[in-house]
Every structure is written in structure tokens, then in C-alpha cells.
Amino acid sequence: MKCYRCGAELTTHNFCPSCKSDVRQYKQIMYAANRMYNSGLEKAQQRDLTGAARDLHQCLKLNKEHVDARNLLGLVYFEMGEVARALGEWTISTNLRQEDNLADSYLKQMQSSRTDLNNLDLAIRKYNLALSYCEEGSDDLAVIQLKRVLSLNPRFLKASVLLALVYMQRSEYDRASQLLKKVLKADRGNTAARRYLDEINSILRKGSAKKSKKDEVVRYERDNELIIQPANVKEPRQGSGLFTGLVIGLVLGAAFLFFLVMPSRLQSTREEYEETLRTNSETMDAQNVTISELESSLSALQADYDELNAQYQEFFGDSDEESLGEALLAAIEAYLTDPTDYETFHSYFSLCMEQEEFFTENESGLAGLYQSMKSLVTEGAADYFYTLGYAAYNSGDYETGYTNLKAALAYDETNADYWYYFGRCCTGLDNDEEAKEAYEKVIELVPGTNRASWAQSFLNAME
């Protein structure tokens, strides 16, 4: 364990051997973080993914630089089918520790297959579309999209739970039950799946009880003949003596139970309840004391964090423009929040692309983070902005087309269609200089094609 102030290796003493800072409370926080990590690891091994994610989040609240916790949390997210959140945790982990970090191998494995990444991105889009269908009440469309999501990403537990909920809405309880059991097999701690399955079992039990009560019959023999009659049909009474005896027996049994058995059982139950209440009260008091100590310790470390944050701003900040480091982090946060919201993502990431040399020449690990993020969104963002730009060009809105096609070219400069329609928008705006550059680029990329011939004709007209 290293000192939070100077980075020196700590000993068993409650002060730093280098800067002499008091590290007693800091050690308590680190020990608490390690306990939460061990708890999350144990739950992950037992397939309680939801509980593991909860404990690992608590660990990272106490120690944001716990690399093992971030790597394990990424694996938990990946196992739950939430790949975007897993990539986010692994990316942060590689920036915290660049050498001997398992997160590097995880990211390389994910980036090695472009097709898998595209399928996962498409699965997220279809899941969001299915959510909108559910809100609109279009259950059939939602089922189609969710089945497609699970074919692209079978691990996506949220999609399985949502599909089961739609099946429940349609009273298809057998299908819903099978899906929920599969989810609980992958994540034993999934509270939503367990709650829905309990509700299905309750509904099925009620239906079974009504059916059995309706179909219940009584069979008995009389004069060597088998008599079958409904249970609610009563036999004519043969006399009151037997009935009176039964009533008296029931009364005596109830009296025995009430006066002899119940008092002792009530006393035993009361003692067990009081003991449980006392134990829970002591446990809560101990936890409250621990939480109070940790909160006071965190507030004591806030000043040190502010100092480090000031150093961060001094390194990344710029008086004339937004910090490049903050812009990159904001872009990552926007992508993790909604991978299909390319406009919000581009509003931050465009600043990073304009000064790309800052990241390529930086030695703090930001280069890898920037390149990973760019490769992850390049295809989707380029296609999104090209679609908007082409639609604007067809409607005669050259300014909007110019803006969106320029954004598409920022992600992919090798597509001749992007350059061609960008040149057409520039021509519509009388921007001859950029139009000429665009048409020349089309001829360079696809020489000898019809697209190149049209571009050449526009160049000749301009000359």
C-alpha cells in the first residue's frame, strides 16, 4: 500500500515513513475497499453477478484506483451482456496501470473482431428500439426486436428480462418462465428476474387451485357399486350422532391447542424474535459507526483530491478552449450513456479530433484511450452523419448537409460518396475552394468510375 500524498510504500505504522502524514484513516478506507472487492469476487464466483457488481461499485467508491476491482467489474458487465460498460471499465483500468494489466488483453480481444463489435452495437440499438415499442404498447414489434437482440448478444440479461416481461403481459407464462430461469442460471442475484418468476408462479398456483377445485370429485362404494359425485354435493344425513361426536372432538382439540400448546409456542417465537431484533440492532449500530468513520475520512481526503485535481487542470487545461482531457472523458461518458446518440458524442469528440496530435504525442496513456474510442464509433458515426447529410442535400438544405457530411468525413476520409455529396453541398453554397478539393478527392479514390466522371465534369465547369 502506498501513501496517498507522496506515494511512498507504507509500513505497519500509522504514519508515512517519508512525508510523516497520518495514514490511519486512509488505511481503514483501503482495507474496507479490499473487503468489498473480496466480497464481489466471491459473489461473482457463485454467479451472483448483480450482487458482485453492487459490491465492486462500493469498492470503487472507496478506492477509484483499484485496478483489480475495475477489471472484475468489466468482466461482470461482459457476462451480463453490457459490453459498452465493460469496455469503459477496462479502458479506465488501462490508464490507471499501463503495464501488466489484464484489461489490455480484454480490450485487444474485443477489438480483434470488428464484426462482433458491430453486432454488439446493433444489439444495443435494437434494445433501445424495443424499449420504445414497449412504451408505445406495440408488444409484437418489441418481441421481434428483442429476439433479434438475443440472437446478436445471447448474454444480454436485460433484454431477456424485458422479453419475459412482454411475454407476461401477453399471458405467455411458460415462455416467460423459461427465459427467467435462464437469466437466474446466469445471474443468481438478478432481483428483477426473481420477482417476475415469483409472480408467474403465484399466478399459475392460483389458476391450478381454481381448476382442481372445479374438477374435484368424490368416489366411494355403496352396495357393491362405485358412486362418483362432485365434491360440493352432500350426502343425506344418516343421523346426528356421528356429527355431534365429531363436533365435540374438534372443540376439545381446539381447546387443548389453545390452552396448552399455543402459549409455549408463542413464548418461544417471542424470544426468537427479540433475540433476532437485538442482533440486528447491534449489527446496524456497528455498520453506522463504520460508515461514519469512513465518511469523515473521505472528507479529510477531499482537500488532497482538490490539490490533485488542480494539478490535473494545470496539465490538461487551456485558457482559450475546453480541456482536451475533459472533452475526451465527456465523450466517453456520452457514449456509455447512449451509444446511438452520436450528436452528443461528436460535440465533445470533435474537439479531440481537431487536435489529434495532442493524443498521438501524449505519453500518459491518453493516446490508447483516444484511438480505442475512435475505432469503436468510426463506422457508426460516419454512417449516421452521412445519412443526415445526404437527406439534407436532397431537400436542398446545403448548410445542414455541409455540416453533417463534414462530420462524416472526420470519421472516414476514404469514402468517395461522402466526398462527392460534400462537394455538391459546397457548390450549392458557392464554396468553390472546398468543392474543388472534394471533387479531386473523389477522382483520386475511385478513378475511372461514373462518380469520378461526374466529379471531373463539375471541375471543368468550375474552371
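Because the structure is a prediction, the values reported are computed rather than measured.
- For Q169, the CD atom counts as loosely surrounded, since its 6.0 Å shell holds 12 or fewer non-hydrogen atoms of other residues, nucleotides or ligands.
- No more than 12 heavy atoms of other residues, nucleotides or ligands shown are found within 6.0 angstrom of CG on D100.
- Between L162 and C134 the shortest heavy-atom distance is CD1-SG, 4.2 Å.
- Note: L157 CG to L179 CG = 11.0 Å, rounded to the nearest 0.5 Å.
- Interatomic distance, D55 CG to L72 CG, rounded to the nearest 0.5 Å: 10.5 Å.
- Checked for salt-bridge contact, D121 and R125 meet the test: a charged N lies under 4.0 Å from a carboxylate O.
- In this structure, CE in M462 is found 4.0 Å from CG in D432, a value given to the nearest 0.5 Å.
- Looking at N153 and N119, their side chains never come closer than 4.5 Å, going by heavy atoms from C-beta outward.
- Dense packing is recorded around OH of Y420, with more than 12 heavy atoms of other residues, nucleotides or ligands lying under 6.0 Å away.
- Between D397 and T400, the shortest heavy-atom contact is OD2-OG1, 2.6 Å.
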- prompt: Run the side chain to side chain donor-acceptor pair (under 3.5 Å) check on N71 and N101 step by step: do they pass?
  reply: CA-CA 9 Å; N71 291 345; N101 192 341; 3.0 Å; yes
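- A distance below 6.0 Å separates the ring centres of H346 and Y411.
- Contact record, G51 with D48: N-OD1, 3.1 Å, taken as the closest heavy-atom pair.
- For the pairing with F345, the ring pair (Phe, Tyr, Trp, His ring centres under 6.0 Å) check across Y342, F349, Y348 returns one residue only, F349.
- Within 6.0 Å of atom CD in E136, more than 12 heavy atoms from other residues, nucleotides or ligands are found, so the atom counts as buried in its surroundings.
- Residues F385 and L405 fail the side-chain proximity criterion, which asks for heavy atoms closer than 4.5 Å.
- Between N190 and V183 the shortest heavy-atom distance is ND2-CG1, 3.7 Å.
- Counting non-hydrogen atoms of neighbouring residues, nucleotides and ligands closer than 6.0 angstrom, the CD atom of E65 reaches no more than 12 such neighbours.
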- request: Apply side chain to side chain contact (heavy atoms under 4.5 Å, CB included) to the pair D383 and E379, showing each step before the final yes or no.
  value: CA-CA 6 Å; D383 183 68; E379 184 176 353; 5.6 Å; no
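- The two residues T427 and A435 make their nearest non-hydrogen contact at OG1-CB, 3.7 Å.
- Annotation: Y398 is not in aromatic contact with Y402 [ring centroid separation under 6.0 Å not met].
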- request: Check the pair E433, N431 against side chain to side chain contact (heavy atoms under 4.5 Å, CB included), reporting the backbone distance first and the verdict last.
  value: CA-CA 6 Å; E433 183 176 354; N431 188 349; 4.3 Å; yes
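- Looking at N201 and R205, their side chains come closer than 4.5 Å, going by heavy atoms from C-beta outward.
- Rounded to the nearest 0.5 Å, atoms CD (E437) and CH2 (W419) are 5.0 Å apart.
- Considering only heavy atoms from C-beta on, S177 comes within 4.5 Å of K181 through its side chain.
- Using modelled atom types, one finds a donor on one side chain and an acceptor on the other under 3.5 Å when comparing T50 with D187.
- Looking at S347, its side chain does come within 3.5 Å of a backbone N or O of T344 through a donor-acceptor pair.
- Across every non-hydrogen atom of C59 and A33, the tightest pair is SG-O, 3.2 Å.
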message: Go through it in stages, so that I can follow the logic: the residues are D412 and T378, the test is side chain to side chain donor-acceptor pair (under 3.5 Å), and I'd like the CA-CA distance, side-chain angles, deciding distance and then a yes or no.
response: CA-CA 7 Å; D412 185 6; T378 292; over 6 Å; no
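- Figure legend: R424 and F458 shown as a cation-pi pair, the cationic atom lying under 6.0 angstrom from the six-membered ring centre and within 45 degrees of its axis.
- Distance check: R70 CZ to Y37 OH gives 13.5 Å after rounding to the nearest 0.5 Å.
- Side-chain contact between V76 and L56: present, with at least one pair of heavy atoms (C-beta onward) separated by less than 4.5 Å.
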message: Using the rule given for side chain to side chain contact (heavy atoms under 4.5 Å, CB included), can you reason through K206 versus S202, listing the C-alpha separation, both sets of side-chain angles and the distance that settles it, and then say yes or no?
response: CA-CA 6 Å; K206 290 180 180 179; S202 177; 3.9 Å; yes
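- Classification of R47 and E79 as a salt-bridged pair holds, one side-chain N sitting under 4.0 Å from a carboxylate O.
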Verdict with supporting geometry, K43 and S39, side chain to side chain contact (heavy atoms under 4.5 Å, CB included): CA-CA 6 Å; K43 290 181 179 179; S39 176; 3.9 Å; yes
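- To the nearest 0.5 Å, atom OH of residue Y196 and atom OH of residue Y167 are 16.0 Å apart.
- Taking the side chain as every heavy atom from C-beta outward, Y127 and K158 approach each other to under 4.5 Å.
- A 4.5 Å side-chain heavy-atom check between N415 and L445 finds every atom pair outside the cut-off.
- The closest donor-acceptor contact from the side chain of T91 to the backbone of L87 lies under 3.5 Å.
- Within a 6.0 Å radius of CZ in R188, no more than 12 heavy atoms belonging to other residues, nucleotides or ligands are found.
- The stretch residues 79-124 participates, sequence neighbours left out, in these ring-ring contact (aromatic ring centres under 6.0 Å, His included) pairs: W90-Y106.
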- request: Step by step, work out the side chain to side chain donor-acceptor pair (under 3.5 Å) result for E42 and N38.
  value: CA-CA 6 Å; E42 182 179 358; N38 292 332; over 6 Å; no
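- In this structure a side-chain-to-backbone donor-acceptor pair under 3.5 Å is present from T449 to A452.
- Within 6.0 Å of atom CG in D174, 12 or fewer heavy atoms from other residues, nucleotides or ligands are found, so the atom counts as exposed in its surroundings.
- Put simply, the side chain of L388 reaches to within 4.5 Å of the side chain of E343, judged on heavy atoms.
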